[in-house]
Protein chains: 2
Amino acid sequence: MNRTGLTGGDPALLRRLNVEAVLRVMRSAEPMTLTQIGRAASLSRQTVDVVIAELDEAGWIEEVAPERSIGRPARRYRFRAEAGHVLGIDVGVAGIRMTLTDLDGAVVASRSAEMAPGISGPDRLTRIHACAAGFLAEHPHARLRALCLGVPAIVDTYGRIRLSTPLPEWSGTDLASIAGTWFDCPAYVENDANLAALAEHWRGAARYADDFIQLIAGKRSGAGMMLGGRLHRGRGGAAGEIGALALLGWEGDAMNDVRASPDPAQIFADAAAGDPSATARVDRFARVLAQGIAAMVLTVNPDLVVIGGGLSQAGEALAGPVRGHLDKLCLDPPQVAASTVGVEAVALGAVRLALEHTNAELFGAHTEGGRKVAGTGAPVTGRSAGQGLFESVRGASD
Amino acid sequence: MNRTGLTGGDPALLRRLNVEAVLRVMRSAEPMTLTQIGRAASLSRQTVDVVIAELDEAGWIEEVAPERSIGRPARRYRFRAEAGHVLGIDVGVAGIRMTLTDLDGAVVASRSAEMAPGISGPDRLTRIHACAAGFLAEHPHARLRALCLGVPAIVDTYGRIRLSTPLPEWSGTDLASIAGTWFDCPAYVENDANLAALAEHWRGAARYADDFIQLIAGKRSGAGMMLGGRLHRGRGGAAGEIGALALLGWEGDAMNDVRASPDPAQIFADAAAGDPSATARVDRFARVLAQGIAAMVLTVNPDLVVIGGGLSQAGEALAGPVRGHLDKLCLDPPQVAASTVGVEAVALGAVRLALEHTNAELFGAHTEGGRKVAGTGAPVTGRSAGQGLFESVRGASD
DNA sequence: ACCGTTACGTAATGACTTGCCGTAAGATGG
DNA sequence: CCATCTTACGGCAAGTCATTACGTAACGGT
């Protein structure tokens, strides 16, 4: 758990590191033999043997049928991704989307639910809780280990809502603590644009970029940001709020002309078909959007800008013009791509965030500044890290 | 060396960690006894004993006179900061500043040298080399372990000059490789604004901020940035170049009115004395400056903005108006402070960067994405990390 | 049925940490 | 000056974790 370098370590630390290494190797691939694991983790087969025995005992892995090959068939083990599940919830104004996955991030089920926009803050909360509970009840075998909510709001380090324009009644709510009581697992809360960035980095257009800006282009425009492979939130979670600089025009006519229109998709379609009026409207929109993006790009000089949000369904019809303007405004223009994860972005990002925290807790990996840990939440200290790893998993899905 | 978690570790890793822990503890304080070190590093006295013996043998530490106290006097050891030195060079258009420090960052000597602005690129290079060599020759006891150059340019990850407006002839130069041949040590190259940020974080106004923007306000305006306690450079080292966005006015009249004036200090002085004309000029300057800063602040939401560069000598006379405008432009206004390290900022930051790399190499600490390692530069691999630590230090200053 | 290949299992070795206990070195007080 | 007290040093034994080495087991191929 120390890893910080300030204090030294004993053999127990070594063991934890090796357990972690073995798990990492196993999670990233097909079932493996002891020898293969040892090679991949640069450990002796002997050590791997002991570690594997412990992990098997605890239920994190299980033996599978050996492969047919020359020589004595090697035992093979696989990571039991079904030993835990996480739930990601995309909280929107008009409804929610939920995605349940196993520890590998494989989607078990998804569900969305409408929600009356006029519903009160507390009612919305209980409604979400009820939806989630109902959804989980259909998957009784799932052992929920974490939960993450994506919200259109500025969220602080502890998962509290600092400010939300779309959901004003939630401002000031300690959402992470509340959601932490829903199920027997920690709950995390994060800004939706940041989660979209996470999703895009995980399985989308930003898979190979460690520094990128995730733009949310929709009725509301915002941005998430990943720098050095990690989400950058800023002091109060307000990073990416470039729209607040009136000078750049994100709240001006050129923007609203398109995004507040009854059917923005039609405008993009018309522009693609060659309608000069629609083309001009799109271009004006793209130019102003690009100004805001340029301010961010010149500030952090990312590899890539991913355009997401409702309007990203226009794909290249939007990304193209934006790229054109951006190239003129920047010293070192980044790549520009349209989102590839689409409407699932936020829910998927929520899953990803929940998985990262789960992994960190279970395997004692990188200690990171993270979101509020509510629910079970006993912080992992000293040797209890090892214990945490070997808590009863058995019975979860046996 | 691995620390990444992908591969496991053996007892040798443990030892490296413990050596590192002991060194960390010793470097941060007065001479200590074995027992004190053990407590601080949470290691047994036994272990500390062995580690200390090795470090003493290698010359990194030495015994000092025991303190008079009850009981058998404990041996005390201190870190030999004089076992290595680093040189930081601030390369400006009109001259250079050099600072030589020991491994603790204690300044041994400083020196500045004029340089004709019209000098050619290669001549400038040889001139700098000669200055540095002469400077070092006056300190023959110093065992130089690293060298860092701060330049007014966009520098890539390998220490090559991508683009420099003030020193156009250097654009495209692989400066790190060249400087790496000067002395028997690695050389690093970094943008001057970034180094100023490093200095400010180390010993200046940003000591307690891990997310801040370092503004350079002078004839040229630029910015360095520290996010999450680490320099943020961006893909091509072009982070912070917000001045390129013409819309924000950093190259406009309001800016040039002050910074291109023959005596900017006088304007600030007049404004402070109540001269309405000067006050207006300062305010216009501050407003435009604040617009650019606001774009960066809204993008990354830092804790603090430090105003450095030549104009920062105005102190609150500049920081005050900037703060006033910034508060109006930002959702979550950061603190605003004037630089406290002053003209030494870049040279000191260069020292700091050199020290960080030196520490990382010698003690096998954090593996970081760093600048080009020229010179000796054998990458530390496998067990050679330990060997690196125990290379001959003896004789350096005995 | 034999042989070669590959993996498994046990034993031996080395390294590091911890805990214990006797000894050494200086200060304090008579 | 000497006895005593306090604290640190030094050696010894035990436990944990890792690696290497070697004999054994299991399967496919001939």
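So that the names make sense, note that chain A is the first sequence line, chain B the second, and so on, each numbered from 1.
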What side-chain donor-acceptor pairs closer than 3.5 Å can you find for residues 99-109 of chain A, not counting sequence neighbours?
residue	atom	partner	partner atom	Å
A:Thr99	OG1	A:Ser110	OG	3.3
A:Asp102	OD1	A:Asp104	N	2.8
A:Asp102	OD1	A:Gly105	N	3.1
A:Asp102	OD1	A:Ala106	N	3.1

Please list, chain by chain and in numerical order, all residues satisfying side chain to side chain contact (heavy atoms under 4.5 Å, CB included) with [X], sequence neighbours excluded.
| X | value |
| --- | --- |
| A:Asp210 | A:His201 |
| A:Ser42 | B:Thr7 |
| A:Arg352 | A:Leu198, A:Trp202, A:Glu356 |

Item to check | Phosphate-side-chain proximity, B:Ser44 and C:dT17, N/O vs OP1/OP2 below 4.0 Å | outcome: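 Looking at the OP1 and OP2 atoms of C:dT17, neither is under 4.0 Å from any side-chain N or O of B:Ser44.
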Checklist entry - Is B:Asn18 near enough to C:dC16 that one of its side-chain N or O atoms lies under 4.0 angstrom from OP1 or OP2? => result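 Checking C:dC16 against B:Asn18, no side-chain N or O comes under 4.0 Å of OP1 or OP2.
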Item to check | Side-chain (B:Asn194) to main-chain (B:Ala197) donor-acceptor, under 3.5 angstrom | outcome: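 No; judged by distance alone, with no hydrogens or angles, the pair does not exist.
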Next on the checklist: The criterion is salt bridge (charged side-chain N to carboxylate O under 4.0 Å, His left out); which residues satisfy it with A:Arg203, sequence neighbours excluded?
Outcome noted: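 A:Arg203: no salt bridge (charged side-chain N to carboxylate O under 4.0 Å, His left out) contacts found.
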Item to check | All salt bridge (charged side-chain N to carboxylate O under 4.0 Å, His left out) counterparts of B:Arg78, not counting sequence neighbours | outcome: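 Partners of B:Arg78 by the salt bridge (charged side-chain N to carboxylate O under 4.0 Å, His left out) criterion, ordered by chain and then number, come out as B:Glu62, B:Glu82.
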Atom-pair distance ([atom1] on [X]; [atom2] on [N]), nearest Å:
| X | N | atom1 | atom2 | answer |
| --- | --- | --- | --- | --- |
| B:Leu14 | D:dT19 | CG | C1' | 15 Å |
| A:Gln36 | C:dC8 | CD | P | 10 Å |
| B:Leu17 | C:dA15 | CG | C1' | 15 Å |
| A:Leu13 | D:dT16 | CG | C1' | 13 Å |

Next on the checklist: So if I define the base as every atom that isn't primed, P, OP1 or OP2, how would nucleotides 6-15 of chain D read as a B/S/- string at a heavy-atom cutoff under 4.0 Å?
Outcome noted: BBBBBBB---
Checklist entry - Given axes from five pairs at either end, by how many degrees does the helix from C:dA1-D:dT30 to C:dG30-D:dC1 bend, rounded to 10°? => result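 Inter-axis angle at the termini of the helix from C:dA1-D:dT30 to C:dG30-D:dC1: 10°.
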Item to check | Qualifying residues under side-chain hydrogen bond (donor to acceptor under 3.5 Å, both in side chains), relative to A:Thr35, sequence neighbours excluded | outcome: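 Partners of A:Thr35 by the side-chain hydrogen bond (donor to acceptor under 3.5 Å, both in side chains) criterion come out as none, since no residue qualifies.
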